[in-house]
Structure formats: structure tokens, C-alpha cells
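A short worksheet on the structure shown next.
Just so it is clear: chains get the letters A, B, ... in the order the sequence lines come, proteins before strands, and each one is counted from 1.
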Number of protein chains: 2
Amino acid sequence: MTAQRRAVIEVIQTANEHLDAAALLDLARNREPGIDRATVYRTIELLKRLRLIDELDLMHLQGEKHYYEVKTRRDHVHLACFRCGRIEEYSSPLFEQLKAEITEQAGFEIRVTRLEVGGNCHACAEAEKKAQREASAKPR
Amino acid sequence: MTAQRRAVIEVIQTANEHLDAAALLDLARNREPGIDRATVYRTIELLKRLRLIDELDLMHLQGEKHYYEVKTRRDHVHLACFRCGRIEEYSSPLFEQLKAEITEQAGFEIRVTRLEVGGNCHACAEAEKKAQREASAKPR
DNA sequence: GGGCTAGTTGCGACTGGGTCGCAATCAATA
DNA sequence: TATTGATTGCGACCCAGTCGCAACTAGCCC
Ligand SMILES: [Zn+2]
Ligand SMILES: [Zn+2]
Ligand SMILES: [Zn+2]
Ligand SMILES: [Zn+2]
């Protein structure tokens with residue numbers, strides 16, 4: 001257990017949004033100025049192996065980066081809005097049921113799951129509907 | 001509609017495994033020798049926008065590439081085995097129910113979903129159990 | 001406390017997937 | 001067939017992530 005690892009772990013734990021590796025590096029530098037990019041990546045790899053964090057793609061909404069969050073007791077779905085970019089979290093017993101079904105029916109030993117949904121969030125869906133109504137009311 | 005696009009589309013449609021962009025390029029070159037990497041990427045982007053194909057990460061089992069498959073009538077889960085690398089597909093009414101629930105409860109307008117599960121496939125889970133039994137039977 | 005050593009770090013070079021700007025080309029329509 | 005807006009190929013580029021290696025520590029034993 002080194003100071004560098006402690007820094008990365010603390011940053012992930014206290015974060016209240018989904019951080020990518022670059023953001024993680026920046027924040028970790030506040031606590032441990034000299035810390036290197038490679039060390040952050042290596043620590044992420046370690047924490048993934050220990051199953052302390054989950055890796056997310058968030059539908060690659062902003063480039064190919066990956067995001068990280070501490071593993072919660074209950075898996076949750078990430079809803080990514082293509083229009084405004086917001087990420088919503090959603091969890092449901094149905095998801096747990098589905099995982100149980102996969103374990104039973106396919107005999108698959110689940111270690112990690114990643115359910116991401118892309119589309120329009122409630123606010124954006126409403127906004128688009130309204131825009132469409134206006135467009136059809138006043139056709140060019 | 002150009003010959004290049006036709007080539008890419010035909011390759012994806014006739015593929016019976018999950019292809020990444022590089023594999024797609026190779027196969028498309030059989031039909032359309034001069035086709036360029038950029039064109040393949042641009043066509044993939046187009047097909048994604050038209051919702052004709054889905055993009056998969058397959059749990060980044062082999063690097064950071066992305067894989068593509070034609071959108072099927074029914075969404076399916078991809079089960080990726082960390083041990084042998086096999087990809088299994090699984091679909092269930094529970095998944096459809098979960099999507100419906102998200103639409104209703106969160107008011108989220110779903111355009112695309114991606115559910116990936118990592119772990120050990122049935123065969124590999126059995127193999128590991130067996131190896132563990134043997135290790136404990138003959139301790140060093 | 002003072003070595004010892006396996007494990008970790010920082011650095012810099014590198015890989016590989018993916019993007020972009022631009023001139024040349026082409027498909028589609030009239 | 002002439003026109004033209006969209007598409008292509010090319011090359012340079014970007015950026016996330018990886019790797020090899022020498023220097024450095026954390027943890028342990030004395
Ligand atoms: Zn939105
Ligand atoms: Zn989350
Ligand atoms: Zn990804
Ligand atoms: Zn397997």
C-alpha cells in the first residue's frame with residue numbers, strides 16, 4: 001500500500017460523478033503531486049481485479065474513454081442521454097432477477113455486469129416532442 | 001449507395017461472429033480491394049446512426065476494440081468468458097420487461113441498449129471447480 | 001534502527017484504435 | 001450527358017492506454 005494508491009482510491013471513493021482516467025489523474029495529483037499516468041492506470045487495473053470498482057463505457061458519449069465507480073451493493077443501469085449528455089442511474093429488482101436467470105439457465109458464473117442504455121432522457125424527450133409539434137404547426 | 005458501403009454492409013450481414021473494425025476492413029477488401037480504413041469507420045458510424053447495427057465492447061476481453069453486429073429483432077445479452085474468451089448470446093423476456101420498466105418509470109426514451117456480462121462460462125466454471133478440488137485434495 | 005528484497009513507481013517511447021482535412025472522384029438526378 | 005452534393009482515399013494526426021527499464025520503497029527480518 002503506497003501513497004499513490006491511497007490517493008487514487010480516495011479520489012474514486014469520494015467522487016460523486018463518474019470519473020475517467022484523466023480526471024482521476026488530475027484529482028489524484030492534488031493529493032500526491034508527482035503521481036504518474038501509468039500508475040493511475042495500473043491502480044485502476046488492480047482495483048478492477050480486486051472487484052472494488054466497475055468500469056463503464058457510458059455509451060462512448062464523449063470519446064472512447066472509460067469511467068470508473070466504486071462497486072455498489074446493487075448493480076445499476078446507466079442511462080445515457082444522447083442529447084444533453086446526462087447520465088442517470090437506475091436500479092431494479094428485475095435486473096437482479098435477470099442476472100439470477102442467466103446464472104441458472106446458462107450456467108454462467110457472473111463476475112461483472114454492465115448494462116448501459118442510450119437514448120433521450122425524460123426532459124430531452126419532451127423537448128423534442130415539443131420541437132416537432134412546432135415544426136409541423138408552421139411548415140415551410 | 002456506393003460499392004464501398006455495399007461491401008461493408010454485406011460483410012456485416014453475412015458474418016457469423018462479432019467483427020471488429022479491422023476484421024471488417026480485411027473482409028471488405030475481398031469484395032472491394034481499394035477500400036480504406038476511414039471509409040469503413042465512416043460507414044460504421046452511418047449504420048449506427050441508422051440503427052441498423054449495434055456496437056459492442058464485449059467486456060474489452062481483447063483490447064479496446066469495438067465489435068459490430070446487425071441489430072436483431074430482440075436485444076440479447078452478451079456473456080463473455082474471461083477464461084476461454086467465448087462469447088455467448090442470451091435473450092430473455094425479463095430483459096424486455098426491464099426495458100419497458102425503464103421507459104415507464106424513468107421516462108427514458110430508449111434508442112439502444114448494451115448489456116454485457118463477464119465471468120466464467122459453464123464449461124470454465126466446472127473446470128475451475130475441478131481444479132480447486134484437486135488442489136485441496138493434494139495440498140503442498 | 002539497518003539492511004534486504006519483492007513489489008511499485010516514474011519516465012519516455014510506443015501501440016493501436018479512431019479521426020480529420022482536403023483534393024479527387026463518383027452516384028444520382030435532371 | 002452535364003451538374004453537383006456526397007463520398008472516397010490518403011496522410012497526418014490525436015488520444016487512451018501499454019510497456020520496458022532503472023530508480024525507489026514498503027514491509028519484513030534481524
Ligand atoms: Zn437529455
Ligand atoms: Zn454509476
Ligand atoms: Zn468501450
Ligand atoms: Zn469459458
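- Residue A:E64 contributes atom CD, which lies 16 Å from atom C1' of C:dT15 at whole-angstrom precision.
- We find that NZ of A:K65 is positioned 14 Å from P of C:dT19, with the value rounded to whole Å.
- Taking CG from A:L94 and CZ from B:F95, the interatomic distance works out to 11.5 Å, rounded to the nearest 0.5 Å.
- A salt bridge links B:E96 with B:K99: the closest approach of a Lys/Arg side-chain nitrogen to an acidic carboxylate oxygen falls below 4.0 angstrom.
- Here the straight-line distance linking atom CD of A:E55 with atom CG of A:D57 works out to 6.5 Å at 0.5 Å rounding.
- Each of A:M1 and B:R5 was matched to the nucleotide of DNA chain D holding its nearest heavy atom; the match closer to the 5' end belongs to B:R5.
- Using a 4.0 Å heavy-atom criterion, one finds that B:G63 contacts no nucleic acid atom at all.
- In this structure, B:R111 does not pair ionically with B:E109, as no charged nitrogen and carboxylate oxygen lie closer than 4.0 Å.
- Ranking D:dT8, D:dC19, D:dG17 by closeness to the A:H66 side chain, first place goes to D:dG17.
- D:dC15 atom P lies 15 Å from atom CD of A:Q62, rounded to whole Å.
- Across B:L25 and B:V40, no two heavy atoms sit closer than the pair CD1-CG2, 3.7 Å.
- For the pair B:K48 NZ and C:dG18 P, the computed distance is 9 Å after rounding to whole Å.
- If you take NE2 of A:H60 and P of C:dG17, they are 14 Å apart, rounded to a whole angstrom.
- Side-chain proximity of B:Y41 to D:dT7, C:dG17, D:dC19: nearest is C:dG17.
- When the nucleotides D:dG9, C:dG10, C:dG17 are ranked by their closest atom to the side chain of B:I35, D:dG9 comes out on top.
- Here B:A21 lies in heavy-atom contact (under 4.0 Å) with sugar-phosphate atoms only.
- Across all strands shown, A:R42 has heavy atoms under 4.0 Å from base atoms, whether or not it also approaches the sugar-phosphate.
- Between B:T39 and D:dT7 there is no side-chain polar atom (N or O) within less than 4.0 angstrom of OP1 or OP2.
- Position along DNA chain C of the nearest nucleotide to B:D20 versus B:T2 favours B:D20 as the more 5'-ward residue.
- Separating the CZ atom of A:R6 from the C1' atom of C:dT9 is a distance of 14 Å, rounded to the nearest angstrom.
- Rounded to whole angstrom, the span from the CD atom of A:Q4 across to the P atom of D:dC24 amounts to 13 Å.
- If you check every strand for non-hydrogen atoms under 4.0 Å, B:R37 touches a base.
- Atom CG in B:D36 sits about 14 Å away from atom C1' in C:dA23, given to the nearest Å.
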